[in-house]
Amino acid sequence: MKNIKNNFKCTSLGRLILYVFLILFFKEIHAQTGPGGVGRNDGTSDLIIWYRPGNGISTTGVLVDSWANSAGVVAFDMSETAGQRPTLVTGVINGYNEVSFNGSNRLRTGLTLTTSNFITNQASSYVVSRAGNTTQTSSVYTTDPLVSNTRFQAHIPWANRVYFDIGRCCGAAARIQVGGLTGLGNYSIFSYDANPSTGKQLYRNQTLLQDRANTSTYNSHASQRFNLGGNSSGVSGFVGDIAEIAIYKVKRTIVERIIIDNYLAAKYNQVLTANDFYNEDTSGGNFDHKVAGIGQAIDGTNHTNSQGTGIVKIEAPSDLQNNEYLFWGEDQINSNYTFSTVAPANKRYRVNTKWRVSETGDVGTVTFSINETDVDFSGVPVGIFKLVRSTVSDFSTIVEEYDLALSGGTYSAAVSFDDNDYFTLEMVPTVDLSITKTVDKALPKVGDVIIFTLSLTNNGPQDATGVIIRDKLPSGLTYESGSSSILTGTYDDTSGDWTIGVPVIAGDPPITIQIGARVTSSGIITNTSQVISINQEDIDSTPGNDK
């Protein structure tokens, strides 16, 4: 805080030379909102199917009537009736829901899928599921699994039969043992790629299970349907639970598969056997939610624009190299992004969510942005909107702050993160206070009474509250109450504190005080005024810093 000082000298001739200083102080590219920030969920990208456990499920009791497609392609909205309906089980996997199938139920689309909205000659898919028995062979079918030429040939055509070998994986010779049983009785992340030139690859938790040449024919038909659960005429369906499914009609790159799997692993508390680049879900708090990432794989493929299911979008890394990644995730499963007042000393409003970062390598500076409409500013004073970065979860130590500039409905800033950083968002209400100070006598003598007039102005944008100005008379001056005029607030001549006591309204005329003082000695006398307390932050000063 800049002080206002009156320096003057009273000589043996009784002459006082007074210097009065006036000092002012206190002075896109579409976001990729698919899984992990890969693809868009607006119905216009390669992401065509996305069933999320907390989105778009309609139930009667616990029975699932319908499951809307979060990818935005309405042709893949699923439904069922009566005894065919599976069961919704809430909050069972890291706080998220699952849909449970008993072999005699399903969800499915209408017979409206064509080559324009379904798969042609390539695909990538991701399923988080577990089997309910030891001989399970499938979880996902299109239409009737007994009719081979209408099955989803482009996806997992192992022997032209199944999509996902969840329970009986990879043939009798390569079955995975889980808990002493053949089959996968606990949750796993299955990802699958199919492409005419690169063949078919099946992964479990980033471990490659099978890699086969493309020997199947990719058929397209006038009408198909997507059947989740596989129960159809003459054949029992899947027995087990499914949490999330995402299917793309174009094979994803290596870096995209890694990002999607890291998002799913954090969300559903799974452990990747390789390429586990986001570790804030397992250490230093549970930042499991709405994970997204950017990065560049060892083969040079990169993904540089991600938002995912949260509000934070990060893009355009300045120094992205092979095998470098930046991931971020939230600590709240369903944040409403509202604000609460933090410690009064901080004079700020902090959003009720915090994020944590995992960085592999150094991706450089990135562009950080959020949409203005994604944050609830209700009841929060206007001020400077900031991203605050810290090395500790309570933000008691701030590494750096970034002012977020608003343009076209989007707040953004160039930001640099470090591995294991915490960050959050704060609104900082601000004012711009200034003081002018004059004295009525330019050449006083010892024994004269002089009057200092202080005028306090607030240039906004907020009204200033809790304002205290300190003007403690120095040696050589003694307080004269009879010559003082305290029209607003109170003045303590011992401490020198002028407590305003009322809001200093932005844009209003100055608030003034007159302090009478008797000159008791000669020589150079310095009289200082400064704001020592305020409930807001000043745009260009710090209260009480004696500057």
4.5 Å side-chain heavy-atom contact, Y126 and R257: yes
Any donor-acceptor pair under 3.5 Å from Q462 side chain to G460 backbone: no
Parallel, tilted or perpendicular: rings of F377 and F339 (30°, 60°): parallel
Closest non-hydrogen atom pair, F368 against L404: CD2-CD2, 3.9 Å
Side-chain donor/acceptor of N302 to backbone N/O of G295, under 3.5 Å: no
Audit row: F417, F423, ring pair (Phe, Tyr, Trp, His ring centres under 6.0 Å) steps and yes/no: CA-CA 9 Å; F417 291 107; F423 71 87; 5.1 Å; yes
Passing candidate, ring-ring contact (aromatic ring centres under 6.0 Å, His included) with F287, options W355, Y422, W328, Y278: Y422
Heavy-atom donor-acceptor pair, D448 side chain to K445 backbone, under 3.5 Å: yes
With sequence neighbours excluded, residues passing salt bridge (charged side-chain N to carboxylate O under 4.0 Å, His left out) with R40: D42
Pairs flagged by side-chain hydrogen bond (donor to acceptor under 3.5 Å, both in side chains) wherever residues 357-366 is involved - sequence neighbours left out: N279-S358, E280-S358
Residue pairs, two or more places apart or on separate chains, that pass salt bridge (Lys or Arg N to Asp or Glu O under 4.0 Å) and touch residues 492-503: R470-D497
Nearest heavy atoms of G293 and F327, plus distance in Å: CA-CD2, 3.6 Å
Main-chain N/O of S188 paired with N205 side-chain donor or acceptor, under 3.5 Å: no
Nearest non-hydrogen partners of A297 and N322, listed with the distance: O-OD1, 3.4 Å
Donor-acceptor pair, side chain of N262 and main chain of F277, under 3.5 angstrom: yes
Under 3.5 Å: donor-acceptor pair, side chain of K437, backbone of F452: no
Ring centres under 6.0 angstrom apart (Y51, W67): yes
Side-chain donor or acceptor of S306 paired with backbone N/O of G37 under 3.5 Å: yes
Donor-acceptor contact present, side-chain S484 to main-chain E480, <3.5 Å: yes
